[in-house]
Peer 1: 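Can you keep this structure in mind? I'll have questions shortly.
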Amino acid sequence: MTVYAIIGGTGLTQLEGLHIQQALPMNTPYGATSADILRGEYAGREVLFLARHGHPHRLPPHQVNYRANIWALKQAGAEAILAVNAVGGIHPAMGTGHFCVPDQVIDYTHGREHTYFADDLEHVTHIDFSYPYDQPLRERLLAALAAEGCAYSDFGVYGCTQGPRLETVAEIVRMQRDGCDIVGMTGMPEAALARELEIPYACLALVVNPAAGKSAAVITMAEIEQALLDGMGKVKATLARVLAAV
Ligand code: HPA
């Protein structure tokens, strides 16, 4: 049976209901992971769980060691990754509480360690990344969202910004022109690193605020935290359905 890994984002630093069998402290050639990788049973099957920002939450998006995290998950036996990301909504359908399973990504980050192929200049490898997310995994997420009765979109371009600050209105206008539907800070380089290590990867994004300029008000951490509280139950139920179904 495929070994699934879940990468929990903001609001999901621990997975209640995970019966932990092992905590794997992981040091990799790229440094330490954000937290121990937890191996355990969730929804009746073996899963790996990693808190992207650490547990408790301590790493901002640009300081997450994405290379160590994905490398360690591979070492721990991950054969598929379900990544959970909190995002801002740009497309009119992407209101707070809405789910998106993106099919494309645009990377606006800079200065992050973003490849395993940096040091070996004689064997530069250019992975194909036309379709950054694994389609069968996306379909499983979409089926689970439908079964849970969640509001969701089966399309979406994820624009990944550097953070940790939120965007200006002009930046969101530009991102919308670029075709972005949602905006977050943690989708990249994670997805590309998973592709480099040939681990199928898909993203379950929860909209926790309208992106800058998409509502009359400024964005507050309180509203984001409330949306995370409101949405995480559905995230966990959706993940459980995916795991129970495969
Ligand atoms: N912008 C970037 N990242 C985010 C946002 C946002 O509005 N909301 C949650 N993560």
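Values reported hereafter were calculated over all heavy atoms of this structure, with side chains retained and with hydrogens, waters and symmetry mates removed.
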Peer 1: Check the orientation of Tyr116 and Trp71. Use parallel for under 30°, tilted for 30 to 60°, and perpendicular for over 60°.
Peer 2: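 Tyr116 vs Trp71 ring planes: tilted.
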Peer 1: Can Glu46 and Arg39 be counted as an ion pair, charged N to O under 4.0 angstrom?
Peer 2: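 Yes, Glu46 and Arg39 are salt-bridged.
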Peer 1: Kindly indicate, with the supporting measurements, whether the criterion side chain to side chain donor-acceptor pair (under 3.5 Å) is fulfilled by Thr115 and Glu196.
Peer 2: CA-CA 8 Å; Thr115 177; Glu196 285 191 350; 2.6 Å; yes
Peer 1: Just wondering, do Ile90 and Met175 contact through their side chains at under 4.5 Å, heavy atoms?
Peer 2: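 Heavy-atom side-chain distance check passes, below 4.5 Å.
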Peer 1: State whether Lys74 and Glu198 are salt-bridged, where the test is any N-O pair (Lys NZ or Arg NE/NH1/NH2 against Asp/Glu carboxylate O) under 4.0 Å.
Peer 2: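 Glu198 and Lys74: not salt-bridged.
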Peer 1: Answer yes if Ile199 and Leu243 sit in the same cluster of Ile, Leu, Val, Met, Phe, Trp and Tyr residues linked by side chain heavy atoms under 4.5 Å apart, and no otherwise.
Peer 2: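 In one cluster: no.
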Peer 1: If only side-chain N and O atoms count, and only distance matters, is there a donor-acceptor pair under 3.5 Å linking Glu167 with Thr161?
Peer 2: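 The criterion, which ignores hydrogens and geometry beyond distance, is satisfied for Glu167 and Thr161.
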Peer 1: Is there a donor-acceptor pair under 3.5 Å between the side chain of His98 and the backbone N or O of Thr96?
Peer 2: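 Looks like no, no N/O pair under 3.5 Å.
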Peer 1: Check the pair Tyr30, Asn69 against side chain to side chain donor-acceptor pair (under 3.5 Å), reporting the backbone distance first and the verdict last.
Peer 2: CA-CA 9 Å; Tyr30 305 97; Asn69 286 353; over 6 Å; no
Peer 1: Is there a continuous path of hydrophobic side-chain contacts, each under 4.5 Å between heavy atoms, that joins Val101 to Phe99?
Peer 2: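 The answer is yes; both residues are in one hydrophobic cluster.
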Peer 1: Between Phe117 and His126 (judged by ring centroids, cut-off 6.0 Å), do the two rings come close enough to count as a pair?
Peer 2: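 That pair fails the under 6.0 Å test.
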Peer 1: Cluster question for you: counting only ILVMFWY and a side-chain heavy-atom cut-off of under 4.5 Å, with indirect links fine, are Leu206 and Met221 together?
Peer 2: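 The answer is yes; both residues are in one hydrophobic cluster.
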Peer 1: Can you tell if the side chain of Arg241 reaches within under 4.5 Å of the side chain of Glu148, non-hydrogen atoms only?
Peer 2: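 They are in side-chain contact.
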Peer 1: Locate the shortest heavy-atom distance separating Leu48 from Gly77; write the atom from each residue and the value.
Peer 2: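 Taking every non-hydrogen atom into account, CD1-C, 4.2 Å.
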Peer 1: In terms of hydrophobic clusters joined by side-chain contacts under 4.5 Å, are Val242 and Leu142 together?
Peer 2: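 Yes, because Val242 and Leu142 connect within a single hydrophobic cluster, where side-chain heavy atoms sit under 4.5 Å apart.
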Peer 1: Let me check something: do Val105 and Tyr66 share a hydrophobic cluster, defined by ILVMFWY side-chain heavy atoms less than 4.5 Å apart, either directly or through other members?
Peer 2: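 Yes.
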Peer 1: Identify the heavy atoms of Gln63 and Leu59 that sit nearest to each other, and give their distance.
Peer 2: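 Result for this residue pair: O-CD2, 4.0 Å.
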Peer 1: Could you tell me whether the side chain of Ser34 and the main chain of Arg52 form a donor-acceptor pair under 3.5 Å?
Peer 2: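 Pair found, side chain donor or acceptor close to backbone of Arg52.
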Peer 1: Going by atom types alone, do Tyr4 and Arg140 pair a side-chain donor with an acceptor below 3.5 Å?
Peer 2: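 Yes, a side-chain donor-acceptor pair sits under 3.5 Å.
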Peer 1: Report yes or no: do Thr13 and His53 form a side-chain donor-acceptor pair below 3.5 Å?
Peer 2: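 No.
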Peer 1: Between Asn85 and Tyr158, is there a side-chain heavy-atom distance shorter than 4.5 Å?
Peer 2: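 Yes - at least one pair of side-chain heavy atoms lies under 4.5 Å apart.
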Peer 1: Any ion pair linking Glu190 and Arg195 (charged N to carboxylate O, less than 4.0 Å)?
Peer 2: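 No.
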